[in-house]
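Input: a single structure, listed below in structure tokens.
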Amino acid sequence: MAKSLSNAVIDGALDVAAGDQISVCSAEPTTYTEAVTTFKLAISTGVAGGDFVNADGDTSGRKMTVAAQTAVTIDSTGTGNHVAITNLSGTLLKVVTTATPQLLTAAGTVDIGTFKLEIADPT
């Protein structure tokens, strides 16, 4: 028996992953608090719905491309190596991904590059 999953269902899952803030973290956050407080070096709170675009996946299924965030103010000095998506009014850690380690200095700025999340078709 063949397996299938509607693009609308996959897009629904990707839509839940979208948020309104993206943090650069010094370690892999496993909780909302770690993403927005404990490990946060910088946070972009100007993230909007247009920063998340769903399309056909690179391999199969669907993907969400997260737009770059530029000139994000650095709050604390440290090495950023993870990026997390959360909501300003919430407690859910939605997405965590690795980033190329970069030394960040407080009061400077950092650019968060574009990245993608992909959910494959069922096999």
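At distances below 3.5 Å, at least one donor-acceptor pair connects side-chain atoms of Tyr32 with backbone N or O atoms of Gly90. Between the side chain of Asp51 and the main chain of Val66, no donor-acceptor pair closer than 3.5 Å is present. Between the side chain of Ser6 and the main chain of Ala8, a donor-acceptor pair closer than 3.5 Å is present. Formation of a donor-acceptor pair under 3.5 Å by the Asn81 side chain with backbone atoms of Ser26 is found in this model.
When all heavy atoms of Thr98 and His82 are compared, the closest pair comes out as CG2-NE2, 3.8 Å. Among all heavy-atom pairs drawn from Val72 and Ala42, the shortest one is CG1-CB, 4.0 Å. Taking each heavy atom of Thr30 and Glu34 in turn, the nearest pair found is N-OE1, 2.7 Å. Summarising the geometry of Ile85 relative to Ala18, their closest heavy-atom pair is CG2-C, 4.1 Å, with the distance given to 0.1 Å. The two atoms that bring Leu117 and Ala17 nearest to each other are CD1-CB, 4.3 Å, heavy atoms only. Between Ile119 and Leu14, the closest heavy-atom pair is CD1-CD2, 3.8 Å.
With hydrophobic clusters built from ILVMFWY side chains whose heavy atoms lie under 4.5 angstrom apart, Leu104 does not share a cluster with Ile43. Taken together through direct or relayed side-chain contacts under 4.5 Å among Ile, Leu, Val, Met, Phe, Trp and Tyr, Ile22 and Val96 form parts of separate hydrophobic clusters. When hydrophobic clusters are built by joining Ile, Leu, Val, Met, Phe, Trp and Tyr residues whose side-chain heavy atoms come closer than 4.5 Å, directly or via intermediates, Val9 is grouped together with Met64. Note: the hydrophobic cluster containing Leu41 does not contain Phe39 (ILVMFWY, side chain heavy atoms under 4.5 Å, direct or indirect links). One hydrophobic cluster, built from ILVMFWY side chains closer than 4.5 Å, holds both Phe115 and Val24.
From Leu5, atom CG reaches atom OG of Ser60 across 10.5 Å, with rounding to the nearest 0.5 Å.
Salt bridge present: Asp56 and Arg62 bring a charged side-chain N and a carboxylate O closer than 4.0 Å.
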May I have the step-by-step check of side chain to side chain contact (heavy atoms under 4.5 Å, CB included) for Thr33 and Thr38, ending in yes or no? CA-CA 6 Å; Thr33 300; Thr38 311; 4.1 Å; yes
Might you work through the side chain to side chain contact (heavy atoms under 4.5 Å, CB included) test for Leu93 and Thr31, ending with a clear yes or no? CA-CA 6 Å; Leu93 175 61; Thr31 67; 5.5 Å; no
Would Thr86 and Lys94 count as a side chain to side chain contact (heavy atoms under 4.5 Å, CB included) here? Give the steps. CA-CA 5 Å; Thr86 57; Lys94 294 183 168 210; 5.7 Å; no
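Phe52 places none of its side-chain heavy atoms less than 4.5 Å from the side chain of Asp15.
Applying the side-chain hydrogen bond (donor to acceptor under 3.5 Å, both in side chains) rule to pairs touching residues 102-123 yields Asp58-Lys116, sequence neighbours excluded.
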